[in-house]
Amino acid sequence: MDIRVGNGFDVHRFEEGDHVVLCGVPVPHDKRLAGHSDADVSMHALTDAIYGALSAGDIGQHFPPSDPQWKGANSRIFLQHAVALAAERGFRVTQADVTLICERPKIGPHAPAMREALAGIMGLDPARISVKATTSERLGFTGREEGIAAMATATLVAEGGLPPPHRRRVLSFFGVGFLRPAPGTWGSLAALPFAWILNALGGPLFLAICAIVLFWIGYRLTRAEIEGSDDHDPSWIVLDEVVGQWIAVLPVAIGAAHVGLDPLRLWPGIVAAFLLFRLFDVWKPWHVGRADGRGDAFGLMADDVWAGVFAAVIGILLAGVSHGVMAL
Ligand SMILES: Nc1ccn([C@@H]2O[C@H](COP(=O)(O)O)[C@@H](O)[C@H]2O)c(=O)n1
Ligand SMILES: C[C@@]1(CO)OP(=O)(O)OP(=O)(O)OC[C@H]1O
C-alpha cells in the first residue's frame with residue numbers, strides 16, 4: 001500500500017461584492033473574493049494538496065491564470081481534475097482537511113454544507129472530509145479583512161492490485177454493468193455464454209471452481225472499490241451477478257454431463273435458472289436479504305451467491321417434478 005500526503009495553501013483578496021464561494025458553497029458576505037476563476041480559495045488549496053501528494057505541480061500549471069477559458073470558472077473543475085488525475089495514477093483520495101483563515105464570514109454554520117459539497121465533487125464520504133476555520137486574532141492581512149487564506153491536507157492511498165479503471169472494467173464485467181436499464185439482468189445474461197464455455201472446457205466442476213475464484217476476485221476488487229465511498233452497492237458492479245448466475249446454472253450443467261448432452265439441449269433448465277436467479281436476486285428473501293443488508297463488499301458478493309443457491313435448489317426441484325412426476 002502506497003500512502004501519500006499533500007498540502008496546499010492559497011490566498012485571495014477581497015473586493016466589492018455580496019458573497020464569497022468557499023468549498024463550493026455560496027456564503028453571504030459584504031465582499032467577494034477576487035480571482036481569475038470563482039476564487040474559491042479553499043477549493044484551490046485542497047486541489048493543490050492533491051497535486052502535491054501526487055508530485056504533479058500546482059493548480060496554476062494545470063489551469064494557467066493566463067488562459068481565458070478559466071475566467072470565472074467553477075473551481076469544482078480544478079478539484080475534479082486533481083481527483084481524476086489521482087485515480088489515473090492508481091490513487092484514491094481517502095481524507096481531506098481544510099482550514100480557512102479569516103475573521104469573517106463565520107465558517108462554522110456553513111461547514112456541514114461545505115463538507116457535503118466537497119464530498120459530492122470528490123466522490124468521498126463526508127465523514128472523511130473536514131472543514132474548519134480560525135481567525136488570525138486580527139493580525140496580518142486576514143486580520144485586517146483584506147482577504148481569506150486557506151490551507152488543506154489530503155491523504156491519497158494506492159491499494160496496489162489493479163488500478164481503478166481496470167478494476168471497474170472487471171467489476172462491471174467488461175462494461176456490461178453500465179448497460180441500462182436493469183444492469184443486474186444484463187450481467188446475468190452475459191454470464192450465461194461464459195458458463196457454457198467454461199463448462200465445455202472443463203465440465204461442471206471447473207465451472208464451480210471458476211465461480212469460487214470469481215467470488216474471491218469480486219470480493220477483493222469490490223472492497224477496494226467501495227472503501228471510503230458512501231455508495232456501498234454501485235449498480236454497475238455485476239461481477240456478483242455473474243457468480244450467482246453460474247451457481248444457478250450449475251445443476252443444468254451437472255444434469256447435462258450426467259446424460260452426456262450439451263447443456264444447450266436442456267434449454268428450459270437454463271431459462272429457469274436465469275429467471276429464478278433474477279427472481280431471488282431482486283426479491284432478496286432470507287439469506288439473500290441478510291447478506292445484502294451487511295452493506296459491505298462481502299455482502300454485495302454473498303447475496304448473489306445465496307440467490308444463485310436458491311435458484312439452483314428450486315431448479316433441481318422443478319427438474320425433479322417435470323422429469324420425475326410429469327415424466328417430461
Ligand atoms: N471565520 C471564522 C473564524 C473562526 N470560526 C470559528 O470560531 C472559532 C474561534 O476562532 P479563533 O480564531 O479564535 O480560534 C474557531 O475555532 C472556529 O470554530 C469560524 O467559524 N469562522
Ligand atoms: C485557479 C486559477 C485559474 O485560472 O485562477 P485564480 O482563480 O486566480 O486562483 P489562484 O489560486 O490565484 O491561481 C490558480 C489559477 O490557476
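Index from 1, following the sequence. One-based numbering, in listed order, for ligands and for the atoms of each. Computed from a prediction, not measured in an experiment: that's the story for all the values here. Values below: every heavy atom of this structure, side chains too, minus hydrogens, waters and symmetry copies.
Residue Phe63 has at least one N or O atom closer than 3.5 Å to an N or O atom of ligand 2. For ligand 2, the polar-atom distance check against His44 finds a nitrogen or oxygen pair separated by under 3.5 Å.
The backbone and the side chain of Ile59 each have at least one atom closer than 4.0 Å to an atom of ligand 2 (non-hydrogen atoms only).
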Exercise for the section: Apply side-chain contact (heavy atoms from CB on, under 4.5 Å) to Asn7 and Met151, showing your working. Expected result: CA-CA 7 Å; Asn7 68 67; Met151 49 196 276; over 6 Å; no
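Proximity annotation for atom 7 (O) of ligand 2: of Ala34, Gly35, Ser37, Ser37 comes nearest, heavy atoms only.
Ligand-side atoms of ligand 2 in range of Trp70: 4 (O), range being under 4.0 angstrom from any heavy atom. Residue contact check: His36 has heavy atoms under 4.0 Å from atoms 4 (O), 5 (O), 6 (P), 7 (O), 8 (O) of ligand 2.
Residue contacts with ligand 1: Lys132 is excluded, as none of its non-hydrogen atoms falls under 4.0 Å. Using a 4.0 Å cutoff on heavy atoms, His12 counts as a contact of ligand 2. By the 4.0 Å heavy-atom criterion, Pro105 is counted among the residues contacting ligand 1.
If you take CD on Glu225 and CG on Leu239, they are separated by 12.0 Å, rounding to the nearest 0.5 Å.
Of the residues Val243, Val242, Leu250, the one that meets the side chain to side chain contact (heavy atoms under 4.5 Å, CB included) test with Trp246 is Val242.
Ranking the protein heavy atoms by distance from atom 11 (O) of ligand 2 puts Asp10 OD2, 2.8 Å first.
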